[in-house]
Amino acid sequence: MIVTAGELLVEFVSMQHGCGLREKTHFVGPFPSGASAIFADQVARMGAKSRMIGTVGDDPFGTVITDRLQNDGVDVSFVEKRDSLTTGTAFVSYYDNDKRIFVFHLDNTAADDITYNKGFVDAGDTLHVSGASLGNEKIRSVVLQLVEEVSTSGKISFDPNIRQELINDDKAKSAICYILEKTHIFIPSAYDIGFLFPDVPCDDVIRCMLDGGKEIIAIKRGGRGVIGATADKTFDLTGYTVDEIDPTGAGDCFCGALLGAIDRGIPISDALHYANAAGALHVTEMGPMEYNPTLQQIKDFIAQNKG
Ligand code: ATP
Ligand code: MG
């Protein structure tokens, strides 16, 4: 089982670029979202066993999230409903230059009313952590306890997923360092690498991680594709040419496709290839998990795009 815990949200996307969430404009949503939820959904779409741990309010937004995850085959038996709190929300607006701004409502919503339960994981489970969850004290505490528990018997996968809006204190930064130490599969974006290891070339970061015992590194590079590495091989995969409609969630989708493929026994070279294609497909539709592709859709896309 691949387990993840984090904030469950619905997201509203501004229909106008450059409004910066300050100007009056139209929004589309609610879309089911939350970095870990996007990941969990993609794992299930790969046909692998996926469990989501999180909390929603007893309101329509909560139903939007749990219905989506459940319909896609995610185990939601540990998604708890809070009667007295509302579901977390996020608003996002894009600029023309690839930048985006978020406003998150997590603190004191159902999203962060989460407590640790020893039954969340079983021996041998893989835990995926998205750094987006580490800026919130309550969610961070649950994630850190899970990391401690899983690291004795299973694997830890980690996407730092740095969001300046969410990572704003030293406790979040030290949690990132602690988890990185315990990580077997490291899946940062190029931005995360620049943030965590300023001025260190990517190749040096990869070498250092592998020397330190990491099993798989995959550095996500948006439209430029991905660089992957294991102890004995490096993979440099260029990005597919697609029309990017909405980039949010591509990284989480990439991680879910990679972990799901590995869990199904697919060799790492193919798993990276599938994840690269999954991320490309993901950005072609509006919404953070509207186009989490199935394994078959990924294979069809690769077949259609063979050069
Ligand atoms: P986020 O944090 O918003 O979820 P990220 O920065 O972690 O994203 P990205 O590098 O944006 O992750 O995207 C993950 C992967 O998806 C890329 O490595 C690539 O394989 C694919 N991808 C993303 N954007 C594009 C694009 N415009 N064209 C083709 N492939 C893309
Ligand atoms: Mg990311």
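In listed order, ligands and their atoms are each counted from 1. The analysis underlying the following values was restricted to heavy atoms, covering all of them including side chains, and did not include hydrogens, waters or symmetry mates.
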Taking N or O atoms only and a 3.5 Å limit, does Gly222 qualify as a polar contact for ligand 1? yes

Does an N or O anywhere in Glu244 fall below 3.5 Å from an N or O of ligand 1? yes

So for atom NZ, which belongs to Lys81, do other residues, nucleotides or ligands contribute more than 12 heavy atoms lying within a distance under 6.0 Å? no

Check [X] against ligand 1 and report side chain, backbone, both or neither, counting heavy atoms closer than 4.0 Å.
| X | result |
| --- | --- |
| Ser189 | side chain |
| Val283 | side chain |
| His282 | neither |
| Val242 | side chain |

The option among Pro247, Pro288, Ala275, Gly251 carrying the non-hydrogen atom nearest to atom 12 (O) of ligand 1 is Gly251

Could you list which atoms of ligand 1 come closer than 4.0 Å to a heavy atom of [X]?
| X | answer |
| --- | --- |
| Gly225 | 17 (C), 18 (O) |
| Gly249 | 3 (O), 4 (O) |
| Ala280 | 21 (C), 29 (C), 30 (N), 31 (C) |
| Asn161 | 2 (O) |
| Asp252 | 4 (O) |

Please report the interatomic distance CD(Glu7) to OG1(Thr109), rounded to the nearest 0.5 Å. 9.5 Å

I'd like to know if [X] contacts ligand 1, where contact means a heavy-atom distance under 4.0 Å to any ligand atom.
| X | answer |
| --- | --- |
| Tyr240 | yes |
| Arg100 | yes |
| Gly223 | yes |

Consider ring-ring contact (aromatic ring centres under 6.0 Å, His included). Of Phe102, Phe61, Phe104, Phe27, which one does Phe12 pass it with? Phe61

With under 30° as parallel and over 60° as perpendicular, where do the rings of His105 and Phe91 fit, or are they tilted in between? perpendicular

Side chain of Thr63, backbone of Asp59: donor and acceptor closer than 3.5 Å? yes

